[in-house]
Amino acid sequence: MPDMRPLREDLQATLDARRDLGPEYEAALIDSFVERLDATIAARVRAEIAAEGAASRKPGKGQRNGAATMIPVAIGSLVLGVPLTSIASSNSGLVGLIVTWLAIAVINVAAALAVARRD
């Protein structure tokens, strides 16, 4: 399981490192933070899916609970997406914005595929 330090601390450390190292290391710092963010979100999604699978009963005939499983992932994506959009676009412009939303999209697709396989 990845390091579960609060994301705020990771972001602050990344911003401090950028301030210390200068803009030439900005891309590497952003990539590093996005990787930690991806790992944290993926771990949380796996934990949520595992908890939901263990706590939920078998759906009856014709019932699917995939949509209910995807709601936390979608809400989490929006909650994290708004501040990350601001941070990425202000620090690294369009490239950071694209990397951020690609990471969010990949996580959502992976979660949807996991739910689809389970159902």
Side-chain angles (χ1 to χ4, degrees):
M1 187 170 229
D3 188 15
M4 296 299 284
R5 290 182 303 162
L7 290 176
R8 177 177 281 244
E9 291 176 11
D10 279 349
L11 178 58
Q12 186 61 50
T14 301
L15 293 174
D16 291 343
R18 185 205 181 269
R19 194 175 320 116
D20 293 342
L21 297 173
E24 59 272 3
Y25 290 97
E26 186 171 294
L29 291 170
I30 290 172
D31 289 343
S32 173
F33 177 74
V34 168
E35 287 175 17
R36 288 192 310 265
L37 179 65
D38 284 344
T40 301
I41 293 172
R44 288 180 183 175
V45 168
R46 282 192 302 272
E48 179 71 27
I49 289 171
E52 180 107 4
S56 70
R57 63 181 192 279
K58 241 353 193 168
K61 187 175 182 176
Q63 294 178 339
R64 295 178 62 124
N65 67 350
T69 302
M70 289 304 298
I71 289 173
V73 175
I75 291 171
S77 295
L78 291 174
V79 167
L80 289 174
V82 172
L84 288 177
T85 296
S86 174
I87 293 165
S89 62
S90 67
N91 286 335
S92 63
L94 183 61
V95 173
L97 187 64
I98 290 170
V99 168
T100 300
W101 280 102
L102 280 176
I104 290 171
V106 166
I107 290 167
N108 278 280
V109 168
L113 290 174
V115 169
R117 269 186 260 144
R118 189 182 69 195
D119 287 343

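- Shortest non-hydrogen contact noted between Thr85 and Ser89 is O-OG, 2.8 Å.
- A continuous path of hydrophobic side-chain contacts links Ile107 to Leu80 [ILVMFWY only; heavy atoms under 4.5 Å].
- Across all their heavy atoms, Ala111 and Val45 have their closest contact at CB-CG1, 3.9 Å.
- For the pair Ala88 and Leu97, the tightest heavy-atom approach, listed with the atom from each and the gap, is CB-N, 3.8 Å.
- Follow the hydrophobic side-chain contacts under 4.5 Å out from Ile71 and you reach Val79 in the same cluster.
- Within the 3.5 Å criterion, the main-chain N or O of Gly96 finds a donor-acceptor partner in the side chain of Thr100.
- The shortest side-chain heavy-atom distance between Leu29 and Glu26 does not fall under the 4.5 Å cut-off.
- In this structure, CD1 on Ile41 lies 4.0 Å from CG on Leu37, to the nearest 0.5 angstrom.
- By the rule that hydrophobic residues join a cluster once side-chain heavy atoms approach within less than 4.5 Å of another member, Leu84 and Val73 end up as members of one cluster.
- Side-chain contact between Ile30 and Thr14 is absent, with no heavy-atom pair separated by less than 4.5 Å.
- Contact of the Leu15 side chain with the Asn91 side chain is registered, since non-hydrogen atoms from C-beta on lie closer than 4.5 Å.
- Within the model, atoms CZ of Arg36 and CG of Leu11 stand 9.0 Å from one another, a figure rounded to the nearest 0.5 Å.
- Side-chain contact check for Leu113 versus Val109: some heavy-atom pair is nearer than 4.5 Å.
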